[in-house]
Chemist: 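Structure in structure tokens, see below.
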Number of protein chains: 2
Amino acid sequence: MKKGSYSPTASPTLSDVAREAGVSAITVSRTIRSPEKVSKASRLKVEAAIAKLGYAPDPAASALASKTSTTIGLLVPSLTNNVFADVVRGVYDGIEETRFFVQIGNFRYSALKEQELLRVFLRQKPAGLILSGFDQTQEATRMLKNAPCPLVQIMDIGPQPADMAIGFDHKEAARTATRHLLEQGYTKLGFLGARMDPRSQARYEGFKDVCKDAGKLDEKRIVTTLQPSSVSMGRQLFEALLAKTPDVDAILCNNDDLAIGVLTEAQRRNIQVPDDLGICGFNDIDIARNMMPEITSVATPRYDIGRRAIQMILDEIAEPGSVADRNQDVGFELVPRQSTARRR
Amino acid sequence: MKKGSYSPTASPTLSDVAREAGVSAITVSRTIRSPEKVSKASRLKVEAAIAKLGYAPDPAASALASKTSTTIGLLVPSLTNNVFADVVRGVYDGIEETRFFVQIGNFRYSALKEQELLRVFLRQKPAGLILSGFDQTQEATRMLKNAPCPLVQIMDIGPQPADMAIGFDHKEAARTATRHLLEQGYTKLGFLGARMDPRSQARYEGFKDVCKDAGKLDEKRIVTTLQPSSVSMGRQLFEALLAKTPDVDAILCNNDDLAIGVLTEAQRRNIQVPDDLGICGFNDIDIARNMMPEITSVATPRYDIGRRAIQMILDEIAEPGSVADRNQDVGFELVPRQSTARRR
DNA sequence: TTGACAAATGATAGCGCTAACATTAGTGTT
DNA sequence: AACACTAATGTTAGCGCTATCATTTGTCAA
């Protein structure tokens, strides 16, 4: 059981190790941080002392003295969202076995909240920062300009990253999906969108672009909400869409959650997918591609983006300026499946 | 664009704020950390100065001086898993607007890795720790015994928490679900399990208990894997089960992902759910309850557990010993739906 | 052997904050 | 008015580490 006090227990410090090893504190510090600067004899003595005392450095003291911590900040707009869950996973996998930590900040799609989180994170003297997209506030952008660490903006692409960026073109992805629906012979295209953040907006624009070019744009067949995306929301939006325009014959969903909702609601209403209704999702999550029928979607390299973003940061920490391609477009891939495979 | 250097930029310090406000540094510190100890006049002056300078405290310096950081460690076995994603969300929601941070450690279902993460986390002098379950290594348990901070073990229940605990009885939950299947008239019950961690094992035991008591246990109708859970894995396990025992008429799935996989594979094979096959999931995630047919599941308060765990920690930080119920069973709820609503 | 240089090590100071104690201002009692 | 007390504020020292510069030791050419 536990005492009610939570008193800190003393751990050995650098000087303890130094005394044990018969060297100065700074030599111990160097043995840990840059062993190549220390003679083999000293190194062995110090390593033995560290092992004997069970020493581990205090990250707070280190951060204070060196003005840089081992924390890498990751600012995401949502933790619920599949997209960011995958990114987070990639980042964590990439950080494993390094001396760094990840600290996640959830700014809930609020640029202002992002700005404040950024301010707080910067006070920690992070070793690196990963941000979502390019839509920071002016003040946040200003802070980023002279951020004291490598920085990657992820998920989106843009002409002017603050430092580095990796993502893909959401508008073009939606264009590709929309063209696919037209090619499959659908003519009355609808669009469902939840949580209309900047990237969702870009997809929406892409959809409208292609519809307009094909002379098939009907704004009544567009239903969006600012509320979070979910399967139930997909059902609700689909119901709303049917109420307005029952003649819709294909739907581009802003993400796979919505697409699943549309599919299950269609099954309930006995609407045949893909013959009466084509459904295309976005992101290509595991569940959607295992539905019956399997849902057509745009595969996006979310995990990979997280993984590569963290690698860019680690590379820059090791050797500033070493990352050659500082603005990477990793692309996307339309994966046609049964849910849009209409019989001609 | 960016210079290649990442030089740290000076931010205002406590003394800067103190000078601006015409008070001493410690008064500024107190205004931030315990405003009730400061007169209203000083407080207003200090707050104005903070706002003017855009000051935010340096957590490293604070941690070093006070021997306790504002970091709360959260050790989870997986980031992919829906279960822990919801817990994480609850924790983040509970921490919002406080001065604390969450730092997640992913130990990938390895107790040894958990132990090493714990060691590293403890060096940060965390303000609190949240662990998953009770299955720590001996060494980890020893470290926990004299952890210098409040500590909550979550998701499971057990007789002897290291400090505090909140969770529910997985074995009993599985018993309840299994009884439900029997009550619905199913007689040849199967069990599918992936990622058999200690809590999955407990559910598995619960299933076997009830089947055995009812004289309906057939080990051939149990298929498990150590690989991660997913919808595709649900399909695979279901296929394996059908290959062994095609007569199975109901399946308890270790979680909803598997259940969805079973359902979609059943649809592919034209097996009627619930009449030919009953399906019961676990966790009651949004997608499962929106399938067609809707999937019966055991609702577990994952978000709530995260939320309450963090609150227990915050309460203990504010007032050690103030949390009265230090070992909470938050229960579960069977939610019968169409996927087990067999016609009699 | 000497000097020139690099490699290895150390002494000192200080990062920005808070704990602990010291002092001053304010409030009420007799 | 003098005293006792609390509330508010300040002074001092130091948390554990690393940057900086100074010193010592080792290495090699002339």
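Residue numbers start from 1 in every chain, and the chains themselves are labelled A, B, ... in the order their sequence lines are given, proteins ahead of strands.
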Chemist: Under 4.0 Å from OP1 or OP2 of C:dT18: is there any side-chain N or O of B:Ser62 that close?
Modeler: yes
Chemist: Whole angstrom is fine here: how far is it from CD1 in A:Ile26 over to P in C:dT9?
Modeler: 12 Å
Chemist: Working to the nearest 0.5 angstrom, can you tell me the gap between B:Ile310 CD1 and B:Arg308 CZ?
Modeler: 14.0 Å
Chemist: Side chain of A:Leu14: nearest nucleotide among C:dG16, D:dG10, D:dT18?
Modeler: D:dT18
Chemist: Exactly one of B:Thr71, B:Leu122, B:Leu74 should register a side chain to side chain contact (heavy atoms under 4.5 Å, CB included) with B:Leu129. Which one does?
Modeler: B:Leu122
Chemist: Whole-Å distance between D:dG16 P and B:Leu64 CG?
Modeler: 7 Å
Chemist: With respect to the side chain of B:Ala65, which nucleotide from D:dC17, D:dT9, D:dG14 is positioned closest?
Modeler: D:dG14
Chemist: Rounded to whole Å, how long is the line connecting atom CD of B:Glu36 with atom C1' of D:dA7?
Modeler: 12 Å
Chemist: Looking at A:Leu75, is its backbone amide N or carbonyl O close enough to the side chain of A:Ser132 to form a donor-acceptor pair, meaning the two atoms are under 3.5 Å apart?
Modeler: yes
Chemist: What's the NZ-C1' distance between B:Lys37 and D:dG10, to the nearest Å?
Modeler: 15 Å
Chemist: Does a side-chain N or O from B:Lys67 land closer than 4.0 Å to OP1 or OP2 of D:dG16, or not?
Modeler: yes
Chemist: Can you tell me if A:Ser42 touches the phosphate of C:dA8, counting only side-chain N or O atoms and a distance under 4.0 Å to OP1 or OP2?
Modeler: no
Chemist: Whole Å only: how far is the CZ atom of B:Arg99 from the C1' atom of C:dT18?
Modeler: 12 Å
Chemist: Between C1' on C:dC15 and CG on B:Asp16, what's the gap in Å once rounded to a whole number?
Modeler: 13 Å
Chemist: Are any side-chain N or O atoms of B:Asp93 and backbone N or O atoms of B:Gly90, one a donor and one an acceptor, separated by less than 3.5 Å?
Modeler: no
Chemist: Would you mind telling me which of D:dT11, C:dC17, C:dG10 lies closest to the side-chain atoms of A:Ser24?
Modeler: C:dG10
Chemist: Are OP1 or OP2 of C:dT18 and a side-chain N or O of B:Ser29 less than 4.0 angstrom apart?
Modeler: yes
Chemist: Looking at C:dG16, I'd like to know if its phosphate oxygens (OP1 or OP2) sit under 4.0 Å from a side-chain N or O belonging to B:Ser15.
Modeler: no
Chemist: Taking for each residue the nucleotide of DNA chain C with the nearest heavy atom, is it A:Arg30 or B:Tyr55 whose nucleotide lies nearer the 5' end?
Modeler: A:Arg30
Chemist: Rounded off to whole Å, could you give me the CD1-to-P distance for the A:Ile32 and D:dA19 pair?
Modeler: 13 Å
Chemist: For the side chain of B:Pro57, starting at C-beta, report the closest nucleotide among C:dA8, C:dC17, D:dT18.
Modeler: C:dC17
Chemist: Between D:dC15 atom P and A:Asp58 atom CG, what is the distance in whole Å?
Modeler: 12 Å
Chemist: Can you tell me if A:Ser66 touches the phosphate of C:dC15, counting only side-chain N or O atoms and a distance under 4.0 Å to OP1 or OP2?
Modeler: no
Chemist: Taking donor-acceptor contacts at under 3.5 Å, does the side chain of B:Arg123 reach the base of D:dG16?
Modeler: no
Chemist: Are A:Thr137 and A:Gln115 close enough that a side-chain donor and a side-chain acceptor fall under 3.5 Å?
Modeler: yes
